[in-house]
Structure formats: structure tokens, C-alpha cells
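Taking it in order: structure first as C-alpha cells, then the write-up.
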Amino acid sequence: MMSVAARSRALSPYLQASSWTVSGSLKPLIPARPATSPALPSLAAPLAERSLLGHEKVSAKSARRGQAVSARLNAPAGVRFAHTDIRIPDFSDYRRHEVVDPKKSSQDSSDSRKAFSYLITGSTAVMGVYAAKTVVTQFVSSMSASADVLALSKIEIKLGDIPEGKNMTFKWRGKPLFVRHRSEKEIAAEADVDLSELRDPQHDKDRVLNPSWVIVIGVCTHLGCVPIANAGDYGGYYCPCHGSHYDASGRIRKGPAPLNLEVPYYEFPDDSTVIVG
């Protein structure tokens, strides 16, 4: 239902009146003019121009269509327009069964309704946490190394291809990797070195897993040059850039290099294979 309080002349063509109520709050100063008809006009009859109380009049004149209601200044009137063709929607299907009956108190079913609300809230929270965990995991994993990079993180070397007393160079993680097959003479010579004579003291047995094999990264610890294998004053490695000499265990013996050659992580799955990385 809609109530309109405005000038009826502007809105009357668009509204259809279902009832008219005209009452005056002012008392007439002049006696009321007698009606032409002894009977009071019926509201159901078409509005012509009826005399009601005092100088109050209802005039049924419309510029377009429908019925219009007006009142004189000395007799204010109240006119109510109602739309009877509007259907009030029924929200019973959307209400909980416990609160459909208006005569029942909602406190009687508050526990069950709260349990449902807590269940929905908890389920939503669990799904939100799981979704956040998935997003964070995917974001962190996107910054990790790709499959092709991880495939290059390890290198498998067949030791049978390296003769005794020789050194072979492999590319591992973009760096040269020296794999040296030492002879018994070299093993004994490096084991007898006095640690007090070394700039970076380190025993030979602490640098190798198998005394016959020395595996080091071929990058000089001075300025990153690549040493030459089987060269130098100690028969190990020699960096010609600035004259650093390493022995057959990769330890610095002479020159500006401050540290020994780096030993990477490696393991022997069998006697003829080594995996670096």
C-alpha cells in the first residue's frame, strides 16, 4: 500500500483512488449552503461537484484521465490513494522453520539456530584458511627453481673414463668441475704434508671420500680464474693469471689465493660412479 501526500492535481492522472476521506478541521463562519439534493451524495457515485461540510468541496476534474480531488483553501482535506493491485511478497520460503510462527518466541529455538550459524562460520573459516594456504604455497613454489634447473643441479660421472694420474673437467652448475684420479704416489705425498706449512690448513683425508679421487670446483679462490690441471710447482693446479699454485689435493701452497679449492658435495653410489650435487 502506498500513501501520497502532495498536490493531487499533478499526480492524479497517474493514480487510481480506491477511497476518499475528506474532513475539515475548520468550522464554517457562514452557515452551510443547503445541498440541492436532500440525500447525501454517495462516494460510490461518480464525482460531479458535491457539497460536503461548510465550503469544503470535492471536484472530480482531471486533465488527462482518472479522478482528481481538490479542496478549497478554507477547508483543508486529506485524500488517500491506495494501489490495490500490488501483491505483497511472501518470504516464508526463506525463513527458518523455527521462526515462521509469529506466536512462538524466537528464544525457544535460539540454540539450534546458533549451532547452524556456528557450523557455517566454522566451515567458511576452514575453507578460507585452506584457500590461503594453497595461494601461499603456489606463490612460494613459483619462485623456486624450475625442473630443468633442478635437473642440472646434479651430475653423474663415470669414473672408468678417467685414467690414473689424469684430470678431467666437467661443467656443473655453470662452473668447471675437476675430477682427478690420483696415483698411489700422489696419495702418499699429500698425506705427508705438514699442516703448519699450509695457508689454509686442511688434511688430505678431510677433503676426499676416496683417496684415489679428488673432486674440486675449478675456480681460483683469488679472483675466480680457472686454474690449469697437472701444472704448477706442486703438480696439482696452477692459475696463470696471478700465479697461485695448488697441490694434488686442491690446497693452496703458493701465490695470492687465500683459500683452498672448494670441495662440493658428492657421493659414490658404486665403485665406478660418482654423483656430484
Side-chain angles (χ1 to χ4, degrees), residues 137-138 140-277:
T137 302
Q138 293 294 332
V140 173
S141 62
S142 66
M143 297 186 293
S144 61
S146 58
D148 56 343
V149 174
L150 294 176
L152 297 176
S153 62
K154 291 185 178 182
I155 182 174
E156 182 176 336
I157 301 173
K158 299 297 183 181
L159 300 178
D161 300 335
I162 306 175
E164 184 177 340
K166 299 297 182 179
N167 182 93
M168 290 189 68
T169 304
F170 301 89
K171 184 179 181 180
W172 177 67
R173 295 183 181 178
K175 299 177 182 180
L177 181 69
F178 294 159
V179 180
R180 186 184 186 95
H181 190 181
R182 297 190 302 183
S183 61
E184 294 295 336
K185 181 179 179 180
E186 290 176 331
I187 296 173
E190 300 304 330
D192 295 338
V193 173
D194 187 3
L195 298 182
S196 61
E197 300 176 358
L198 301 177
R199 182 177 302 170
D200 185 12
Q202 195 173 15
H203 199 277
D204 179 67
K205 65 181 181 180
D206 296 332
R207 293 178 57 83
V208 296
L209 297 179
N210 187 341
S212 299
W213 300 96
V214 172
I215 302 176
V216 293
I217 297 178
V219 177
C220 181
T221 58
H222 179 220
L223 292 177
C225 304
V226 179
I228 300 173
N230 297 326
D233 297 345
Y234 298 89
Y237 305 95
Y238 170 67
C239 181
C241 299
H242 303 93
S244 296
H245 297 260
Y246 301 87
D247 58 18
S249 185
R251 297 173 294 188
I252 182 65
R253 303 295 295 274
K254 182 181 178 181
L259 301 174
N260 303 329
L261 294 179
E262 181 182 355
V263 179
Y265 173 82
Y266 63 92
E267 58 184 3
F268 294 95
D270 53 56
D271 295 339
S272 60
T273 307
V274 63
I275 298 178
V276 181

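Along the sequence shown, residues are numbered consecutively beginning with 1.
In terms of heavy-atom proximity, P227 sits nearest to G218 at CD-O, 3.5 Å. Summarising the geometry of R199 relative to P201, their closest heavy-atom pair is O-CD, 3.4 Å, with the distance given to 0.1 Å. Residue P176 comes nearest to T169 through the heavy atom pair CB-CG2, 4.0 Å, listed as atom of the first residue, atom of the second, then distance.
Evaluation of the ring-ring contact (aromatic ring centres under 6.0 Å, His included) rule for Y237 yields F178 as partners, not counting sequence neighbours. Scored by the salt bridge (Lys or Arg N to Asp or Glu O under 4.0 Å) test, R207 finds no partners at all (sequence neighbours excluded). Evaluation of the side-chain contact (heavy atoms from CB on, under 4.5 Å) rule for D270 yields S272, T273 as partners, not counting sequence neighbours. Listed by chain and number, the residues in a side chain to side chain donor-acceptor pair (under 3.5 Å) with D206 amount to none (sequence neighbours excluded). Among residues two or more places apart in sequence or in another chain, the side-chain contact (heavy atoms from CB on, under 4.5 Å) test is passed with A231 by I228, Y238. Checked against ring-ring contact (aromatic ring centres under 6.0 Å, His included), H203 has no partners two or more places apart in sequence or in another chain. The side-chain contact (heavy atoms from CB on, under 4.5 Å) search around V208 returns R182, D204, V214, Y266, not counting sequence neighbours. Every residue two or more places apart in sequence or in another chain that forms a side chain to side chain donor-acceptor pair (under 3.5 Å) with K254 is listed here: D233. Evaluation of the side-chain contact (heavy atoms from CB on, under 4.5 Å) rule for P258 yields T221 as partners, not counting sequence neighbours. Every residue two or more places apart in sequence or in another chain that forms a side chain to side chain donor-acceptor pair (under 3.5 Å) with N230 is listed here: R180. Taking S212 as the reference, nothing meets the side chain to side chain donor-acceptor pair (under 3.5 Å) condition, with sequence neighbours excluded.
The side-chain heavy atoms of L177 and P264, taken from C-beta on, include a pair separated by under 4.5 Å. The closest side-chain heavy-atom distance from E197 to R253 is below 4.5 Å. Residues I157 and M168 form no side-chain contact, since every pair of their non-hydrogen atoms from C-beta on lies 4.5 Å or further apart. W213 has its side chain within reach of V179: a pair of non-hydrogen atoms, C-beta onward, lies under 4.5 Å apart.
Rounded to the nearest 0.5 Å, atoms CG (N167) and NE2 (H181) are 12.0 Å apart. Note that the SG atom of C239 and the OH atom of Y246 stand 6.5 Å from one another [nearest 0.5 Å]. How far CG of L259 is from NE2 of H222: 11.5 Å, rounded to the nearest 0.5 Å. A distance of 5.0 Å separates CD in E156 from CD1 in I275, rounded to the nearest 0.5 Å. The CD1 atom of I215 sits 12.0 Å away from the OH atom of Y265 when rounded to the nearest 0.5 Å. Atom CG of D247 sits about 9.0 Å away from atom CD1 of I252, to the nearest 0.5 Å.
Although no hydrogens or angles enter the test, the distance criterion places a donor-acceptor pair under 3.5 Å between the side chain of E190 and the main chain of A248.
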For residues 158-166, which side-chain donor-acceptor pairs fall under 3.5 Å, sequence neighbours excluded?
none

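When only modelled atom types and interatomic distance are considered, D194 and S196 share a side-chain donor-acceptor pair under 3.5 Å.
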